[in-house]
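All figures in this text were calculated on a predicted structure; none of them were measured in a lab. Note that ligands are numbered from 1 as they come in the structure, with each ligand's atoms numbered from 1 the same way.
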Amino acid sequence: MPPRHLPVSLQEDVPLASRTTIGVGGPARFLASCRGPRDVASCLEWAADQHLEVFVLGGGSNLLVADQGFAGLVIRLEYSEVTLSTGPSGAHIQAGAGAEWDALTARAVRENLAGIECLGGIPGTVGAAPIQNIGAYGQEVAETIDWLQVIDRHDGRTRHVTAADCRFGYRTSAFKTSWHDRFVIVRVAFRLRPRGEPTVRYDELARRLEQACPGRKPTLADVREAVLSIRASKSMLYDPADPDGRSAGSFFTNPVVSPAVARRVRDMAARGARTGRPVPQFPASNGKIKLSAGWLIEEAGFPRGFRQGRVALSSKHALAIVNPGGATAAEIVELASSIRQAVLERFGVSLVPEPRLLGFDSGVLQRLGILA
Ligand code: EPU
């Protein structure tokens, strides 16, 4: 039983499926709702005493929970205050980790602050955004993060880390690598550009804007609207009533490969292509090339709308594994590993899962290429 002095409300055996956008998985042994960093520190101490693993739950939009659930303590961060200040060095927004990400991007656009206008419609919380360096339509959150306030799980102390400390990269940061499970993010500070130009780097976004506002420069609000409409057309806005929308977003990251591998994929696809389109390629850092995982998946024999029992691929995007209703986590893992295997066999490229996997045994993590 939890000790009485724990100053937060603690629930036992709490279903997690309904707290994730993909809607599968078993319960958490304990769940605590924290209203501030002090609550987090006492939960961490309590969990250490009980030898319990701790997981911090955001919006559950990038999470797959195992059917047997999670035998540790899940922490929910219930603080979401947002403060805005503008000065000569730009505009600063500070937001509590529990704030809803999309609401923050909407607020920035309303205040005419540039920097996160392409990131509207991404489900989840502010505290989760830096972990995988969320990105869409030519923008990444790393571009505007100034600093973060975190709690060190080792000693319960609050620390300040800068964006440079976080070693952000494509869908990654130190929070996923060298700092894995070391810190709890409690607050994020962003530096935005007052009345700045919107970012229009992504072809699909530029085309949508040409249609939406022909002959004039798009505003930040135009860009937000265009991004939301593209996301809606791909079921990438969370809508529990849309079976294509019950996903964890992209299930795999886009593989970043050498030019030689990219050439090989292009040549292989030229012989016996299924989609009839060349592989979409985007320049990445260090002369590397980012390939479209959605395209690789389709070419390997898993078209949009593919169905395997109670699990499917979105009918609008092969990169999203969806739960049309009644799927289990085991079935999702089954489909994901068949896809990985098929892409590996056809192209020699290993897909890496993007969502966080919680409560799975090492065998599953190995099959999905997360553990060596
Ligand atoms: N494509 C296919 N088949 C598909 C889906 C896409 O061939 O089933 C091709 C498209 O034709 C296009 C290219 O892949 O040429 C890129 O597609 P899209 O613009 O949808 O982007 P993505 O690379 O598949 C990434 C992010 C998304 C983000 C979009 C837009 C990753 C893993 N995913 O997807 O982020 O919204 O770009 O910027 O980087 C997420 O991370 O969960 C996520 C949804």
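- Listed by number with element, the atoms of ligand 1 under 4.0 angstrom from any heavy atom of Gly249 are 42 (O).
- A 4.5 Å side-chain heavy-atom check between Arg304 and Leu313 finds every atom pair outside the cut-off.
- Distance alone, capped at 3.5 Å, is enough to place a donor-acceptor pair between the Tyr170 side chain and the Asn254 backbone.
- Each of the atoms 32 (C), 40 (C), 41 (O), 42 (O) of ligand 1 lies under 4.0 Å from some heavy atom of Glu354.
- Between Trp101 and Phe190, the two ring planes are tilted [angle within 30° to 60°].
- When hydrogens are left out, the protein atom nearest atom 39 (O) of ligand 1 is Tyr170 OH, 2.7 Å; that is the closest non-hydrogen contact.
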* Asked: Between Glu354 and Thr253, is a side chain to side chain donor-acceptor pair (under 3.5 Å) present by the stated rule, with each step listed?
  -> CA-CA 5 Å; Glu354 200 208 83; Thr253 51; over 6 Å; no
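- Nearest protein neighbour of atom 4 (C) of ligand 1, counting heavy atoms only, is Arg304 NH2, 3.3 Å.
- No path of Ile, Leu, Val, Met, Phe, Trp and Tyr side chains, each step under 4.5 Å between heavy atoms, connects Ile321 with Tyr238, placing them in separate hydrophobic clusters.
- Side chains of Ser338 and Gln341: no donor on one and acceptor on the other come within 3.5 Å.
- Looking at Phe252 against ligand 1, only its backbone comes within 4.0 Å, counting heavy atoms.
- Taking only non-hydrogen atoms, the option from Leu291, Val279, Asn254 nearest to atom 22 (P) of ligand 1 is Asn254.
- Hydrophobic clustering of Ile, Leu, Val, Met, Phe, Trp and Tyr side chains at less than 4.5 Å, counting indirect connections, unites Leu119 with Leu104.
- With Trp295, Tyr202, Phe282 as candidates, the residue nearest to atom 17 (O) of ligand 1 on a non-hydrogen basis is Tyr202.
- Using cut-offs of 30° and 60° for the angle between ring planes, the Trp295 and Phe347 rings count as tilted.
- The only option from Arg266, Arg277, Arg346 that meets the salt bridge (Lys or Arg N to Asp or Glu O under 4.0 Å) definition with Glu299 turns out to be Arg346.
- The protein non-hydrogen atom at the shortest distance from atom 11 (O) of ligand 1 is Arg277 NH1, 3.3 Å.
- Between Phe252 and Val352, the closest side-chain pair of non-hydrogen atoms is not below 4.5 Å.
- Taking atom 15 (O) of ligand 1 as the reference point, the nearest protein heavy-atom neighbour is Pro280 CG, 3.4 Å.
- Applying the 4.0 Å criterion to heavy atoms of Met236 picks out, from ligand 1, the atoms 44 (C).
- Heavy atoms of Lys290 come nearer than 4.0 angstrom to ligand 1 in no pair at all.
- Only the side chain of Ser292 comes within 4.0 Å of ligand 1, counting heavy atoms alone; its backbone N, CA, C and O stay farther away.
- Between atom 5 (C) of ligand 1 and the options His317, Gln139, Arg171, the minimum heavy-atom separation is to His317.
- Contact atoms of ligand 1 toward Ala136: 36 (O), 38 (O) (distance under 4.0 Å to a heavy atom of the residue).
- Set against the non-hydrogen atoms of Glu204, the atoms of ligand 1 under 4.0 Å away are 19 (O).
- The shortest N or O to N or O distance between Ala318 and ligand 1 is under 3.5 Å.
- Taking the ring centroids of Phe30 and Trp46, they lie under the 6.0 Å cut-off.
- Annotation for ligand 1: atoms under 4.0 Å from non-hydrogen atoms of Leu319 are 24 (O).
- For atom 36 (O) of ligand 1, the closest heavy atom belonging to the protein is Arg231 NH1, 3.5 Å.
- Tyr79 places a side-chain heavy atom less than 4.5 Å from the side chain of Val186.
- In terms of protein heavy-atom proximity, atom 3 (N) of ligand 1 is nearest to Glu298 OE1, 2.7 Å.
- Every heavy atom of Gln132 sits 4.0 Å or more from the atoms of ligand 1.
- Every atom of ligand 1 with a heavy atom of Thr253 under 4.0 Å away is listed here by number and element: 32 (C).
- Counting protein heavy atoms only, atom 38 (O) of ligand 1 is closest to Tyr137 N, 2.6 Å.
- Cys118 approaches Leu205 most closely through the heavy-atom pair SG-CD2, 3.9 Å.
- For atom 28 (C) of ligand 1, the nearest non-hydrogen atom from the set Ser250, Ser314, Gly135 comes from Gly135.
- Note: the hydrophobic cluster containing Phe302 also contains Val343 (ILVMFWY, side chain heavy atoms under 4.5 Å, direct or indirect links).
- The shell of residues lying under 4.0 angstrom from ligand 1, judged by heavy atoms, excludes Lys316.
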